[in-house]
Amino acid sequence: MTAPLLEARGLVKTFGENRVLRGVDVAVPAGSVTCLIGPSGSGKTTVLRSLNGLEAPESGTVRIGDVELDWASRPDARAVARLRGQSGMVFQAHNLFPHLTVLQNVTSGPVFAQGRPRAEAEQEARALLERVGLAEKADVFPVQLSGGQQQRVGIARALATRPQVVLFDEPTSALDPELVGEVLQVMQSLAAEGWTMVVVTHEMRFARQVADQVLFLDGGVVVEQGPPSEVLVEPREPRTRQFLQRLL
Ligand code: ADP
């Protein structure tokens, strides 16, 4: 069996007195979609942010492709930046730069962080905007877009650095309900194209339809994991069952 593209082992993270991750393992095969689900405060976002170094766990390792980080060895900023370069992140609120156009938002990573030629980055950015259905919005500012459109720009921006893995942190939870569908649809088509994705979500329908594996977290541990047909339909663990029942 080939090694997973992304592998995290033994992630432990404490905020003050609060141990929020208690030894979390995540293995994500190339081209697959992993959904992290669980109650609020269970540690999902902290896991995701640990995968790209936005949080620094006290211990545990993260490997994406051939870039590996051992958090216990207190990696320096350069090592963390190298790990971060392997993934793209889509945030809950899109975090676009308000003073830059849509196109400039999408090219900022490739041009400024990766030093790629502007013309090449713009050409690729236009293709990505087309991909998320916003080709005609390249020259407008984020404030002129709906929340769903802004989030689709956020997705194009995350893809622009050609990451190996795309991390999504509750990408639809800040949106008005009528705007959720267009974002999930883009994510579903990216999954179909073979992007490797890790998604923190409360959208159980998305998880059921799109995920290859679901990890249920509670209290900073992975309580149960497997294909959605098992974890979401026939959960083994009482805590998973309880969580899913509360959503009904
Ligand atoms: P989830 O994504 O499952 O809702 P989080 O990973 O966001 O959970 O949070 C897990 C726990 O860690 C929560 O108790 C939260 O309050 C705490 N936490 C998260 N980030 C911080 C932080 N920067 N400082 C202190 N506590 C935090």
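Each ligand, and each atom within it, is numbered from 1 in the order the structure gives.
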>> Does the protein come close to atom 25 (C) of ligand 1 - that is, does one of its heavy atoms sit below 4.0 Å from that atom?
In response: yes
>> Measuring only between side-chain heavy atoms, which start at C-beta, is Leu36 closer than 4.5 Å to Thr34?
In response: yes
> Checking Arg84 side chain against Asn52 main chain: does a donor-acceptor pair fall under 3.5 Å?
Replying inline: yes
> Which of the numbered atoms in ligand 1 are below 4.0 angstrom from a heavy atom of Pro39?
Replying inline: 3 (O)
> Nearest to atom 4 (O) of ligand 1 by heavy atom, Gly219, Gly41, Gly38: which?
Replying inline: Gly41
> Considering only the protein, which heavy-atom contact is closest to atom 8 (O) of ligand 1, and what is its distance?
Replying inline: Gly43 N, 3.2 Å
> Could you state the interatomic distance from CZ (Arg118) to CD (Gln123), rounded to the nearest 0.5 Å?
Replying inline: 14.5 Å
> So which heavy atom in the protein is nearest atom 12 (O) of ligand 1, and how far is it from that ligand atom?
Replying inline: Val20 CG1, 2.9 Å
> Going by distance alone, is a donor N or O of one side chain under 3.5 Å from an acceptor N or O of the other, for Thr240 and Glu224?
Replying inline: yes
> Which residue holds the protein heavy atom closest to atom 27 (C) of ligand 1, what is that atom called, and what is the gap in Å?
Replying inline: Phe15 CD1, 3.2 Å
> Identify the closest protein heavy atom to atom 7 (O) of ligand 1: which residue and atom is it, and at what distance?
Replying inline: Thr45 CB, 3.6 Å
>> Distance alone, cut at 3.5 Å: any donor-acceptor contact between the side chains of Thr45 and Asp169?
In response: yes
> Which residue and non-hydrogen atom of the protein lie closest to atom 3 (O) of ligand 1, and at what distance in Å?
Replying inline: Lys44 NZ, 2.7 Å
> Does Gly16 come within less than 4.0 angstrom of ligand 1, counting non-hydrogen atoms of the residue?
Replying inline: no
> Against heavy atoms of Ser40, which atoms of ligand 1 measure under 4.0 Å?
Replying inline: 4 (O)
> With Arg63, which of Glu7, Gln86, Glu68 fulfils side-chain hydrogen bond (donor to acceptor under 3.5 Å, both in side chains)?
Replying inline: Glu7
> Are the side chain of Asp70 and the backbone N or O of Ala72 linked by a donor-acceptor pair below 3.5 Å?
Replying inline: yes
>> So does Pro39 get a backbone contact from the side chain of Lys44, meaning a donor-acceptor N/O pair under 3.5 Å?
In response: yes
> Do the side chains of Leu54 and Val12 join up, straight or via other hydrophobic residues, at under 4.5 Å, putting them in one cluster?
Replying inline: no
> Which residue owns the protein heavy atom closest to atom 9 (O) of ligand 1, what's the atom, and how far is it?
Replying inline: Thr46 OG1, 3.9 Å
> For atom 16 (O) of ligand 1, what is the nearest protein heavy atom, given as residue, atom name and distance?
Replying inline: Asn18 ND2, 4.7 Å
>> Distance under 4.0 Å to a non-hydrogen atom of Ser42: what atoms of ligand 1 satisfy this?
In response: 1 (P), 3 (O), 8 (O)
